[in-house]
Amino acid sequence: MSKTFAEMQDMYRKVVSRFSKIELNPWAAQGAMIELSKQVGELAKQVMIKEKYYALTSEVPDVDTKLGNEMADVIAQVMRLADHYGIDLEQAFLDARADEVQYLESRGV
């Protein structure tokens, strides 16, 4: 079943609310940035595995699933930062794409 971006944000907000009950320190922007950095590193590792940069002796099972999970984790932390700063991430995404279209049109492409 597909979800809208707003539904996914709401789903993650509920997860964050539950985690906040067991985390030792409240997460502000710093905690979210540290976690985002960690998740980007984990995503990079899965890309390295997928693209066969590591000298592994056999195929890594579920690499595509792990790659997708890490991408989703990166998005989740960006959502958390957007919430912290009160940014409408969906609108920011649309605005950024409109800016790109305008730039590309100004370049004739």
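Along the sequence shown, residues are numbered consecutively beginning with 1.
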Near Q91 CD, under 6.0 Å, is it more than 12 heavy atoms from other residues, nucleotides or ligands?
yes
Atom CZ of F93: over 12 foreign heavy atoms under 6.0 Å:
no
Does M48 have any side-chain contact (heavy atoms from CB on, under 4.5 Å) partners at least two apart in sequence or in another chain, and if so, which?
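By the side-chain contact (heavy atoms from CB on, under 4.5 Å) rule, M48 matches Y53, Y54.
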Partners passing side-chain contact (heavy atoms from CB on, under 4.5 Å) against K3 (at least two apart in sequence or in another chain)
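K3: side-chain contact (heavy atoms from CB on, under 4.5 Å) contacts with M1, E7, M8, M11.
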What residues form a salt bridge (Lys or Arg N to Asp or Glu O under 4.0 Å) with [X], not counting sequence neighbours?
X	answer
D88	none
R97	E100
D95	none
E23	R80

Which side-chain N or O atoms in residues 27-45 pair as donor and acceptor under 3.5 Å with protein atoms at least two apart or in another chain?
| unit_1 | atom_1 | unit_2 | atom_2 | d |
| --- | --- | --- | --- | --- |
| E35 | OE2 | K38 | NZ | 3.2 |
| E35 | OE2 | Q39 | NE2 | 2.7 |
| S37 | OG | M33 | O | 3.0 |

Test log, rule side chain to side chain contact (heavy atoms under 4.5 Å, CB included), inputs K14 and F19:
CA-CA 9 Å; K14 289 175 182 171; F19 268 112; over 6 Å; no
Determine, using the 4.5 Å side-chain heavy-atom cutoff (strictly less than), whether M71 and V47 are members of one ILVMFWY cluster.
yes
Do I87 and L94 share a hydrophobic cluster, counting only Ile, Leu, Val, Met, Phe, Trp and Tyr and linking them when any side-chain heavy atoms are less than 4.5 Å apart?
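No, because I87 and L94 fall into different hydrophobic clusters, even though each may have its own neighbours under 4.5 Å.
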side-chain hydrogen bond (donor to acceptor under 3.5 Å, both in side chains) partners for Q46, two or more places apart:
none
Suppose we screen for side-chain hydrogen bond (donor to acceptor under 3.5 Å, both in side chains). Which residues come up paired with K21, at least two apart in sequence or across chains?
none
Drop me the distance from D83's CG to R13's CZ, to the nearest 0.5 angstrom.
4.0 Å
Other members of the hydrophobic cluster containing V109, with the 4.5 Å side-chain heavy-atom rule, please.
Y103, L104
Going by atom type alone, with no hydrogens or angles, which donor-acceptor pairs under 3.5 Å involve a side-chain atom of residues 62-69 and a protein atom two or more places apart or on another chain?
| unit_1 | atom_1 | unit_2 | atom_2 | d |
| --- | --- | --- | --- | --- |
| D64 | OD1 | K50 | NZ | 2.6 |
| D64 | OD2 | K50 | NZ | 3.4 |

If you define the side chain from C-beta out and look only at heavy atoms, does anything of Y12 sit under 4.5 Å from Q77?
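Heavy-atom side-chain distance check passes, below 4.5 Å.
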